[in-house]
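Single-structure report; data block below.
Keep in mind that what you see is a predicted model, and the values were worked out from it rather than measured.
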Amino acid sequence: MENTNVVEANDGTNSLASASAGQPQDLQDRDEILLKKAIEEAYKGVECGHGGPFGAVVVCNDQVVVSCHNLVRLNKDPTAHAEVTAIREASTNLDRIDLSDCEMYASCEPCAMCFGAIQLSGIKRLMYGARAEAALAMGYNSIISDALRGTGAFQTTGLEIKQAHGHLAIIAEQVFEKFPKSTA
């Protein structure tokens, strides 16, 4: 669906819109739109000097609840990773801590802290772009969660995890090439 995009309403909320209203969204097109939004946030965060090249989007009932980026440098907070910031803001915007009806799109494979926050929030689905190795190659040394890859003793239950492939993975990794390690 090339005419599908994220639309901002007068109240500041975002939703998915399509030229063919009433028809179900194709999940692959929806994933591409939302993952690209997370990747755009990664670029925005570095360009603003807020932190490292990481972005995240939280979606609930096809509504974009929050779209944000890494705020480590801006907030002088080592826990202000994009995914954690997105969960904090989504919980505030939705006025609840249970995000089990939400999905997250992250520009990169989450570190262990972010993965833990995703699990604690109850988010039901995670899609990420770049693999952790792209960030590691540029000097970002966060430990990824073995549970994310299904290689650790602790295995996830009830959380669908999908890594982008093809051109989406490539464009998600390009942010690291453009912004080598200079920020947290």
Side-chain angles (χ1 to χ4, degrees), residues 6 8-9 11-15 31 33-60 63-100 102-145 148 159 161 163-164 168-169 171-184:
V6 177
E8 185 169 348
D11 64 358
T13 61
N14 294 306
S15 62
D31 284 348
I33 291 164
L34 294 165
L35 187 55
K36 282 182 177 178
K37 189 166 183 60
I39 294 165
E40 288 169 9
E41 281 289 343
Y43 278 98
K44 179 180 169 185
V46 174
E47 290 166 353
C48 294
H50 292 170
F54 303 93
V57 173
V58 174
V59 177
C60 183
Q63 298 285 318
V64 175
V65 177
V66 66
S67 177
C68 60
H69 52 265
N70 182 295
L71 297 173
V72 168
R73 290 180 63 83
L74 179 70
N75 293 351
K76 295 173 186 58
D77 176 359
T79 69
H81 291 196
E83 299 90 338
V84 172
T85 300
I87 290 167
R88 289 173 180 158
E89 290 185 20
S91 292
T92 298
N93 292 349
L94 295 171
D95 196 29
R96 56 190 165 94
I97 60 171
D98 177 8
L99 303 179
S100 60
C102 297
E103 300 169 70
M104 179 178 282
Y105 293 82
S107 63
C108 186
E109 186 172 2
C111 71
M113 176 187 69
C114 292
F115 185 69
I118 291 165
Q119 285 194 299
L120 288 171
S121 71
I123 287 174
K124 66 180 178 182
R125 183 170 187 263
L126 164 67
M127 180 169 187
Y128 64 93
R131 291 185 54 125
E133 287 79 7
L136 291 170
M138 292 299 163
Y140 293 92
N141 294 319
S142 288
I143 302 164
I144 63 162
S145 174
L148 223 159
L159 172 63
I161 302 170
Q163 199 254 327
L168 278 176
I171 64 171
E173 291 177 2
Q174 287 173 339
V175 68
F176 295 106
E177 295 167 11
K178 185 171 181 181
F179 298 106
K181 176 112 168 98
S182 63
T183 56

Return the CG to CD distance between N93 and Q63, rounded to the nearest 0.5 Å.
12.0 Å

Between S100 (side chain only) and G122 (backbone N and O only), is there a donor and an acceptor less than 3.5 Å apart?
no

Distance from I33 atom CD1 to L35 atom CG, nearest 0.5 Å?
11.0 Å

Check: S107 side chain, I39 main-chain N or O, donor-acceptor pair, under 3.5 Å:
no

Rounded to the nearest 0.5 Å, what separation is found between the SG atom of C48 and the CG atom of L71?
9.5 Å

Is it true that F54 and F176 have ring centroids separated by less than 6.0 Å?
yes

Heavy-atom pair with the smallest gap, counting every atom of I118 and P110
CD1-CG, 3.9 Å

Measure the shortest side-chain to side-chain distance between I161 and Y128 over non-hydrogen atoms and say whether it is less than 4.5 angstrom.
yes

Pairwise distance CD(E40) to NZ(K36) - rounded to 0.5 angstrom
8.5 Å

Looking only at heavy atoms, what is the nearest atom pair of E41 and G55, with distance?
CB-CA, 3.9 Å

Main-chain N/O of E47 paired with H50 side-chain donor or acceptor, under 3.5 Å:
no

Before you tell me yes or no, could you show the steps for F115 and L120 under side-chain contact (heavy atoms from CB on, under 4.5 Å), namely the whole-Å CA-CA distance, both residues' side-chain angles and the distance that decides it to 0.1 Å?
CA-CA 9 Å; F115 185 69; L120 288 171; over 6 Å; no

Under a 4.0 Å N-O cut-off, is there an ion pair linking D77 with R88?
yes

So does C68 get a backbone contact from the side chain of E89, meaning a donor-acceptor N/O pair under 3.5 Å?
no

Short side-chain to backbone donor-acceptor contact, E109 and R131, under 3.5 Å
no

So, for V57 and A38, which heavy atoms are closest and what is the spacing to 0.1 Å?
CG2-N, 3.7 Å

Pairing of D31 and R125 as salt bridge, 4.0 angstrom limit
yes

Take L126 and E103 through the test side-chain contact (heavy atoms from CB on, under 4.5 Å) and record every step on the way to the result.
CA-CA 6 Å; L126 164 67; E103 300 169 70; over 6 Å; no

Y43 vs Q174 side-chain heavy atoms within contact, under 4.5 Å
yes

For side-chain contact (heavy atoms from CB on, under 4.5 Å), just list the numbers for M104 and M127, CA-CA rounded to whole Å, side-chain angles, deciding distance to a tenth of an Å, and then say yes or no.
CA-CA 6 Å; M104 179 178 282; M127 180 169 187; over 6 Å; no

Hey, what do you get for SG (C108) to CD (Q163), rounding to the nearest 0.5 Å?
9.0 Å

Can you see which heavy atom on C114 is nearest to which on E83, and at what distance?
SG-OE1, 3.2 Å

Begin with the C-alpha distance, continue with both residues' side-chain angles, and end with the deciding distance and a verdict on side-chain contact (heavy atoms from CB on, under 4.5 Å) for I87 and L99.
CA-CA 8 Å; I87 290 167; L99 303 179; 4.1 Å; yes

Work out which heavy atom in G52 is nearest to a heavy atom in V46; give both atom names and the distance.
C-CG2, 3.6 Å

So do C111 and H81 actually touch side chain to side chain, heavy atoms under 4.5 Å?
yes

Could you tell me whether the side chain of V65 reaches within less than 4.5 Å of the side chain of V59, counting heavy atoms only?
no

Show the nearest heavy-atom pair for residues C102 and V58, with the distance to one decimal.
CB-CG1, 3.9 Å

